**Q** 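Got a structure for you, written out below as structure tokens; questions coming shortly.
Here is how names work: the chains are called A, B, and so on, in the same order as the sequence lines, proteins then strands, and each is numbered from 1. Remember, predicted model here, so these are calculated numbers, not experimental data.
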Amino acid sequence: MAEDINPARRTELLAAIAVLEPQIRGLHDLMATSISPDLQAAVQHQITVRERRNSLLHAEITAMDMVNADHDALLADGYPALNDAILDSNLMAELTGEESDLDAAVGVFAPTPQATSLSMSFGSPEPKPAA
Amino acid sequence: MPTMNNSQHIPFTLEARLANGQPAQVQPGSVVWATSDATIITVATTDGMTGFIEAVAPNTATATVSVTADADLGAGVVTITGVSDPADPFTVTQDPATLASTLVMTFAPPVAKVTPAPTTP
């Protein structure tokens, strides 16, 4: 792996795993001792909670590994550079001709002319109709 | 000065024009008229393109009318406006036919005066 995109986060997650895994092992060992059923239930609950947390931590680290691998592939692809598309002269002439034809086609059309002013005209006064 | 009395109205016609002066259309239903003083005149119209300037009441003051419309016949809105000549505003005078012109007196038959009672000195 050439580059870790988020080493601080990885360190944080690994530190959390380093705390959890001895706890989980110890809790399993505790289950093998002669403890009361009630205590077994409490211990089992903590095993469930902490194993779930440990699983999520490992899942995030695995996802980070995949992101790093994709990042390496992106860099290997030359990112951020993207080379210009090069055409031989014949193809370039064809492309330029197509552009000219498209411009000519667009030029056939004109927008609908819009009114720019309003003009009022008034007649002579008339009697209003009877109410 | 377009002057009318309070029993009259003045017909109007509105035309939209292109920049080259040719007739043009505006978005149907987009024409909105307004008056500078609705106590003097109002605008009566159904399609906005023709109608009447209605006299409301005689007034020594004058009023103008304005109009807006949408020049874009498509989905967009391009507002154009028109205003009546402020140097030639509307005036509403009193219709003389509604003014009193004569005073008529009528008299009843004579009646006896009421005689006051004599006073004791």
**Q** Chain A heavy atoms under 4.5 Å from B:Ser84: which part of the residue, side chain, backbone, both or neither?
**A** both
**Q** Do the side chains of B:Leu14 and A:Leu118 get nearer than 4.5 Å, heavy atoms only?
**A** yes
**Q** Tell me, side chain or backbone of B:Thr79 under 4.5 Å from chain A's heavy atoms, or both, or neither?
**A** neither
**Q** Do you know which of A:Gly123, A:Pro127, A:Ala115, A:Pro129 has the most heavy-atom pairs with chain B at a distance under 4.5 angstrom?
**A** A:Ala115
**Q** Would you say that more than 12 heavy atoms from the other residues, nucleotides or ligands in this model lie under 6.0 Å from the CZ of A:Arg50, or not?
**A** yes
**Q** Can you name the closest pair of heavy atoms from A:Pro125 and B:Ile10 and give their distance?
**A** CA-CG1, 3.9 Å
**Q** Honestly curious: do B:Phe90 and A:Met120 fall in one hydrophobic cluster under the side-chain, below-4.5 Å linking rule?
**A** yes
**Q** Give the cluster check for B:Trp33 versus B:Met49: same hydrophobic cluster or not, with ILVMFWY residues linked at side-chain heavy-atom distances below 4.5 Å.
**A** yes
**Q** Under a single-linkage definition using a 4.5 Å side-chain heavy-atom cutoff for Ile, Leu, Val, Met, Phe, Trp and Tyr, are A:Val49 and A:Val43 assigned to the same hydrophobic cluster?
**A** no
**Q** Which answer fits B:Val67, side chain, backbone, both or neither, if we ask what part of it has an atom under 4.5 Å from a heavy atom of chain A?
**A** both
**Q** I'd like to know which of B:Asp72, B:Asp85, B:Val26 tops the heavy-atom pair count under 4.5 Å against chain A.
**A** B:Asp72
**Q** How about B:Phe52 and A:Lys128: do any of their side-chain heavy atoms sit closer than 4.5 Å?
**A** no
**Q** Any link between A:Leu39 and A:Leu30 through a network of hydrophobic side chains (Ile, Leu, Val, Met, Phe, Trp, Tyr) touching at under 4.5 Å?
**A** yes
**Q** Contact part of A:Ser124 toward chain B, heavy-atom cut-off under 4.5 Å: side chain, backbone, both or neither?
**A** backbone
**Q** Determine whether more than 12 heavy atoms belonging to other residues, nucleotides or ligands lie under 6.0 Å from atom CG of A:Leu102.
**A** yes
**Q** Indicate the atoms forming the closest heavy-atom contact of A:Glu126 with B:Pro11, along with that distance.
**A** OE2-CG, 3.6 Å
**Q** Rounded to the nearest 0.5 Å, what separates atom CZ in A:Phe122 from atom NE2 in B:His9?
**A** 14.0 Å
**Q** Checking heavy atoms, do the side chain of B:Gln25, its backbone, both or neither come under 4.5 Å from chain A?
**A** backbone
**Q** B:Gly82, B:Ala24, B:Ala71: which one forms the most heavy-atom pairs within less than 4.5 Å of chain A?
**A** B:Ala71
**Q** What about A:Leu20 and A:Ile17, same hydrophobic cluster or not, with Ile/Leu/Val/Met/Phe/Trp/Tyr joined at side-chain heavy-atom distances under 4.5 Å?
**A** yes
**Q** Do you know which of B:Leu18, B:Asn5, B:Ile53 has the most heavy-atom pairs with chain A at a distance under 4.5 angstrom?
**A** B:Leu18
**Q** Which atoms of B:Val65 come close to chain A, meaning under 4.5 Å heavy atom to heavy atom: side chain ones, backbone ones, both, or neither?
**A** both
**Q** Less than 4.5 Å apart, any side-chain heavy atom of A:Ser119 and any of B:Arg17?
**A** yes
**Q** Looking at CD1 of B:Ile80 and CD of A:Gln114, how far apart are the two atoms once the value is rounded to the nearest 0.5 Å?
**A** 8.5 Å
**Q** Does CE belonging to A:Met31 count more than 12 external heavy atoms closer than 6.0 Å?
**A** yes
